[in-house]
Amino acid sequence: MASTAGQVIRCKAAVAWEAGKPLVIEEVEVAPPQAMEVRIKILFTSLCHTDVFFWEAKGQTPLFPRIFGHEASGIVESVGEGVTELEPGDHVLPVFTGECKECQHCKSEESNMCGLLRINTDRGVMLNDNESRFSINGKPIYHFVGTSTFSEYTVVHVGCVAKINPAAPLDKVCVLSCGISTGLGATLNVAKPKKGQSVAIFGLGTVGLAAAEGARMAGASRIIGVDRNPIRFVEAKKFGVNEFVNPKDHNKPVQEVIAEMTDGGVDRSLECTGNIDAMISAFECVHDGWGVAVLVGVPSKDDVFKTHPMNLLNERTLKGTFFGNYKPRTDLPSVVEKYMNKELDVEKFITHEVPFSEINKAFDYMLQGTSLRCIIRMGA
């Protein structure tokens, strides 16, 4: 790979030319990294709901043509000026959010929301010069959240690259750079259930199941899964969920159902759907005096959270989290180590695998609701 440093690389990428249309495998040109940038050879990537949401352009300003993808693993091919922590050959995870290590947020022990590299879904270019590193016949192709991993090579700001254990299997840990780490960290870093406590998880998709996995790892005695799709209940048992509630089965608010089940409410709850009603229920189902609710899902822009002030005055705590409160460069390597030490079972999140040439199948699986994570093998 060192022989390509400083040169334009031609490689295959899955380009979204229009919203909602199948991706097209194209030959693209990938420019060398500029200052504080890293060019990565992507070996494995996976599909996340965020990719699908912006590919469909629901309620968003379309930015096409574009290369999506943000959950991936790969090897550093070359680095730009000023990059000192990484070198060619390093095994890495590109991450949709960053850690510049210089801003107030990065220097704070209480925040992981980097002021420079916080996620920006509307920006399709690199920060250094407001230009794209991708092109086809001289025409620029837009980036997605600074990662664009549906390409055999991509260029990422160094602050959005986590160096990991070279012994970690890249075809497994690629799924740790977004949803799974978000759910896991929301439980372990923010909700922080104590051993023997009860936890309710609203939404049993990938993020919710990762939150349940965190509750299992923390030693929760009761992990209650809340979902309107009963099919998800069977899968959730693999992640430690031992009780289930389907709101459609009851003629009263689900928070009242949970309060009756748990003698006043659960100790911790996590909302992982982005549905505003589920957020309110997740908060109101925790026990007064010590209950903590954590909002993980992203609501629609016009949603309003409403609850009676007494729910707060009665010493319930409401928190939010972004990427599970993990600082990408500092903390993500430790999440990989949890997998390496067999504390975290990543394999059960991986339900499908396809070659890069069949990437559109991954979208089909996600839209059909049959997939948690589909691994896409680059170069195949």
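The figures that follow rest on heavy atoms only: side chains count, while hydrogens, waters and symmetry mates do not.
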Less than 4.0 Å between a side-chain N and a carboxylate O, is that true for [Y] and [X]?
{"X": "E213", "Y": "R216", "result": "yes"}
{"X": "K12", "Y": "E27", "result": "no"}
{"X": "E85", "Y": "K101", "result": "yes"}
{"X": "R377", "Y": "E353", "result": "yes"}

Does the separation of the ring centres of [X] and [Y] fall below 6.0 angstrom?
{"X": "F54", "Y": "F68", "answer": "no"}
{"X": "F363", "Y": "W55", "answer": "yes"}
{"X": "F323", "Y": "F96", "answer": "yes"}

inquiry  = Quick check with a 6.0 Å cut-off and a 45 degree axis cone: is K348 positioned over the face of F239's six-membered ring?
reply    = yes

request  = Could you check if a side-chain atom of I376 sits within less than 4.5 angstrom of a side-chain atom of S46, using non-hydrogen atoms only?
outcome  = no

query = With a 4.5 Å heavy-atom cut-off, do T351 and T370 have their side chains touching?
reply = no

task = Report the relative orientation of the aromatic rings in H143 and F134; use parallel for angles under 30°, tilted for 30 to 60°, perpendicular for over 60°.
result = tilted

When you measure from the side chain of [X] to the backbone of [Y], do you find a donor-acceptor pair of N or O atoms at a distance under 3.5 Å?
{"X": "Q34", "Y": "E37", "result": "no"}
{"X": "T149", "Y": "T45", "result": "no"}
{"X": "T206", "Y": "L372", "result": "yes"}
{"X": "T154", "Y": "S151", "result": "no"}
{"X": "R373", "Y": "V175", "result": "no"}
{"X": "D90", "Y": "V76", "result": "no"}
{"X": "K327", "Y": "S111", "result": "yes"}
{"X": "S198", "Y": "D267", "result": "yes"}
{"X": "N242", "Y": "S221", "result": "yes"}
{"X": "S135", "Y": "K139", "result": "no"}

Just by distance, no angles: are the side chains of [X] and [Y] close enough, under 3.5 Å, to form a donor-acceptor pair?
{"X": "N165", "Y": "E337", "value": "yes"}
{"X": "H70", "Y": "T147", "value": "no"}
{"X": "R316", "Y": "H287", "value": "no"}
{"X": "T4", "Y": "E77", "value": "yes"}
{"X": "Q255", "Y": "S281", "value": "yes"}
{"X": "T273", "Y": "E271", "value": "yes"}

What pair of heavy atoms forms the shortest contact from [X] to [Y], and how long is it?
{"X": "G379", "Y": "E152", "answer": "CA-OE2, 3.5 Å"}
{"X": "V30", "Y": "Y153", "answer": "CG2-O, 3.8 Å"}
{"X": "T321", "Y": "A186", "answer": "CG2-CB, 3.8 Å"}
{"X": "V199", "Y": "A220", "answer": "CG2-CB, 3.9 Å"}
{"X": "M261", "Y": "V245", "answer": "SD-CG2, 3.6 Å"}

request  = For the pair V296 and F322, evaluate side-chain contact (heavy atoms from CB on, under 4.5 Å) and give the outcome as yes or no after the intermediate values.
outcome  = CA-CA 7 Å; V296 186; F322 174 73; over 6 Å; no

task = For side-chain contact (heavy atoms from CB on, under 4.5 Å), just list the numbers for I75 and L43, CA-CA rounded to whole Å, side-chain angles, deciding distance to a tenth of an Å, and then say yes or no.
result = CA-CA 8 Å; I75 298 175; L43 297 179; 3.8 Å; yes

task = Walk me through it: do E29 and R133 pass the test salt bridge (charged side-chain N to carboxylate O under 4.0 Å, His left out)?
result = CA-CA 8 Å; E29 294 183 340; R133 300 291 174 264; over 6 Å; no

request  = Begin with the C-alpha distance, continue with both residues' side-chain angles, and end with the deciding distance and a verdict on side-chain hydrogen bond (donor to acceptor under 3.5 Å, both in side chains) for T307 and N311.
outcome  = CA-CA 7 Å; T307 191; N311 287 320; 2.7 Å; yes

